[in-house]
Amino acid sequence: MRILPVLGVLSLSAALLVAPSPASAAGPSTASHSGPAPALGPTATGYGGAVSTVDATATAVGLDVLRHGGNAVDAAVAAAATLGVTEPFSAGIGGGGFFVYYDARKRTVSTIDGRETGPATMRETHFIDPADNLPYDFPEARVSGLSVGAPGTLATWEAATRKWGTKSLSALLQPAARVADRGFPVDATFRQQVADNAAAFGQFDSTKALYLPGGAPPAVGSTQRNPDLADTYRLIARQGTDVLYRGAVARDIVRTVQNPPVSANPVGTWTYPIRPGTLTLNDLARYDLRFPAPTKSKFRDLTVYGMSTPSSGGVAVSEALNIIETARIKDTTQALHYYLEASALSFADRNRHVGAYTSQKVLDRLVSDRWAGQRACQISPAKALTKPVPPGDLNATGCTPATVGGPAEQGMSTTNLTVADRWGNVVEYTFTIEQTGGNAMVVPGRGFLLNNELTDFNFVNTQAPAADPNLPGPGKRPRSSMSPTIVLKDGKPFLALGSPGGATIITTVLQILLNRVVLDKSLPESMAAPRASQRNTAGIQSEPSFRTTYGPALTALGHTFAADVPELGAATAIEFTRGGGFIASAEPVRRGGGAAGVVHPTR
Ligand code: GLU
């Protein structure tokens with residue numbers, strides 16, 4: 001959480017109301033019309049609109065847009081652009097994501113699939129080293145041009161604002177450009193993210209110059225500026241998003257991918273060759289957003305909307321909820337037991353059956369109550385299943401186990417935001433550059449990191465002898481776990497939530513829903529509660545406090561714990577209360593704590 005710039009950095013009304021010019025956008029901020037903003041903590045309750053992100057500057061930008069008449073989509077895009085500055089290792093215009101939107105007037109949920117797309121020339125063997133026919137080690141694949149997909153984030157912002165917003169993208173980029181110009185204070189999380197990536201960042205002049213000043217990570221409390229990114233945002237504001245898909249920025253992206261800007265004087269040692277990629281100008285020019293129907297399922301009296309393929313998030317969350325719904329849950333141990341069992345079963349099915357090209361028929365089957373019944377029949381209330389569990393057979397008519405399990409990816413990158421406006425519109429948006437630090441290459445002169453999203457493909461078949469739905473292919477999008485979720489009750493928004501965390505995103509979203517709906521905790525309690533993730537592996541991954549609190553009872557049921565992880569996820573959420581109120585909620589502690597705010601706080 002960045003605490004300092006909340007006051008004073010944001011006189012955004014001017015930027016939103018007048019045509020952007022480099023001079024005005026770069027100039028110092030004047031006093032905000034809206035008066036001093038309150039400090040932003042992890043929980044805020046009130047009216048008039050709400051924003052929750054991982055970062056106080058981004059939340060403040062979103063709130064200011066709402067205060068000046070913008071709707072949820074406007075605020076989400078302005079906050080997202082700001083996160084591209086202040087959370088550059090998690091997300092930005094070099095990456096992609098999934099945008100879920102509830103339109104209060106139409107009472108519909110729509111989505112934008114802005115996932116990165118592989119080159120037209122990509123083959124199944126994309127991550128196989130021709131020298132020895134073995135898959136590349138993950139770091140070698142990641143820090144390369146091979147991992148970069150055509151980015152969808154900027155196209156997503158443009159489409160969202162055009163379809164549903166009220167301000168121009170040009171105007172909405174200005175607050176972020178100002179933050180990039182003026183800088184923000186480096187906090188411990190930011191510094192640590194650089195430190196964790198120092199060897200990779202140190203190989204590229206452009207990345208080194210921006211994030212390793214004097215050859216070391218920036219000091220906590222120093223001011224981090226990014227004038228190149230400010231200029232890129234303003235160039236986009238003037239020339240339109242085409243500049244990134246067909247113009248000068250596109251050429252720079254392709255040059256970086258095909259000819260990585262490797263430093264003659266690297267900082268630190270990188271033991272792998274840095275391989276070029278094959279993404280072309282044509283791949284960028286042909287980048288297409290998709291607008292798939294959301295996944296939809298019922299859980300008790302709620303309707304749960306999520307992201308469809310190429311994300312597996314919506315399907316996996318819905319399948320697991322449907323399985324949990326079959327259980328008679330009498331206490332917390334049973335709730336967690338069913339949560340862990342349902343997660344493992346859904347991950348087995350997701351690994352076997354869900355990829356970019358899974359048919360709607362299969363997706364519908366996986367989120368059906370009938371399928372949940374065919375999977376839940378294996379669960380015993382008294383004894384945990386042995387993990388990994390086999391995926392279900394789609395042709396089965398009864399209870400369905402089969403033969404092989406699957407891998408358990410995990411990442412800690414990505415960012416999530418939740419916004420609601422006074423008209424009742426809601427945005428849930430998860431976006432990423434994949435690993436923290438993406439592929440480690442800042443596009444020279446442009447100030448943003450490229451994604452390594454294509455490493456979300458499986459490098460080899462993980463499902464043999466069955467087919468793996470997530471192998472690389474020409475122009476294909478890698479399977480994601482991102483799970484932006486909007487839940488309606490009686491046809492009106494009840495809860496919106498999402499999180500980063502690679503494949504643990506699915507379990508984090510699921511666990512917050514379990515806490516809120518099944519265990520009846522408040523939203524802030526549901527967010528703060530210790531987390532565990534069972535992604536169909538022998539051992540459950542959990543935060544230390546989860547294992548200490550619930551480990552003994554769950555172990556007695558036969559669950560096994562793997563080594564602890566310090567934290568899982570960095571969620572944001574908003575709950576909708578009676579009479580048009582909001583509870584905006586962010587992490588109290590994880591990833592340095594997030595920032596929730598409302599337009600009119602309730603005292
Ligand atoms: N690339 C991951 C996905 O799309 C997200 C990365 C992360 O959250 O760490 O599922």
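Remember, it's a predicted structure, so these values are computed and weren't measured experimentally. For ligands, and for the atoms within them, numbers begin at 1 and follow the listed sequence.
- Residue contacts with ligand 1: Ile505 is placed with no nitrogen or oxygen under 3.5 Å of a nitrogen or oxygen of the ligand (distance criterion only).
- Side-chain atoms of Thr309 and Asp113, non-hydrogen and from C-beta on, never get closer than 4.5 Å to each other.
- For ligand 1, the atoms sitting less than 4.0 Å from at least one non-hydrogen atom of Gly502 are 5 (C), 6 (C), 7 (C), 8 (O), 9 (O), numbered in the order shown with element in parentheses.
- At least one N/O-N/O distance between Gly501 and ligand 1 falls below 3.5 Å.
- At least one heavy atom of Arg115 sits closer than 4.0 Å to an atom of ligand 1.
- Listed by number with element, the atoms of ligand 1 under 4.0 angstrom from any heavy atom of Thr414 are 5 (C), 6 (C), 7 (C), 8 (O), 9 (O).
- Under 4.0 angstrom from ligand 1, there are no non-hydrogen atoms of Gln435.
- Not a single salt bridge (Lys or Arg N to Asp or Glu O under 4.0 Å) links Asp288 to another residue, sequence neighbours left out.
- Tyr429 and Phe431 have their aromatic ring centers within a separation under 6.0 angstrom.
- Shown in contact with Glu453 at under 4.0 Å from a heavy atom are these atoms of ligand 1, numbered in order with element: 1 (N), 2 (C), 4 (O).
- Ligand 1 places these atoms under 4.0 Å from at least one heavy atom of Asp456: 1 (N), 2 (C), 3 (C), 4 (O), 10 (O).
- Of all the atoms in ligand 1, the ones that sit under 4.0 Å from a non-hydrogen atom of Ser481 are 3 (C), 4 (O), 10 (O).
- Every residue meeting the salt bridge (Lys or Arg N to Asp or Glu O under 4.0 Å) condition with Glu341, not counting sequence neighbours, appears here in chain and number order: Lys387.
- A 4.5 Å side-chain heavy-atom check between Tyr136 and Tyr272 finds every atom pair outside the cut-off.
- The cationic group of Lys163 lies under 6.0 Å from the six-membered ring centre of Phe291 and within 45° of the ring axis, placing it in a cation-pi geometry.
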Residues Glu453, Arg115; criterion salt bridge (charged side-chain N to carboxylate O under 4.0 Å, His left out); working and verdict: CA-CA 9 Å; Glu453 212 70 48; Arg115 185 69 160 167; 2.9 Å; yes
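- An N or O contact shorter than 3.5 Å links Glu434 to ligand 1 by distance.
- Between the side chain of Gln224 and the backbone N or O of Leu210, at least one donor-acceptor pair lies under 3.5 Å.
- Set against the non-hydrogen atoms of Met482, the atoms of ligand 1 under 4.0 Å away are 4 (O), 10 (O).
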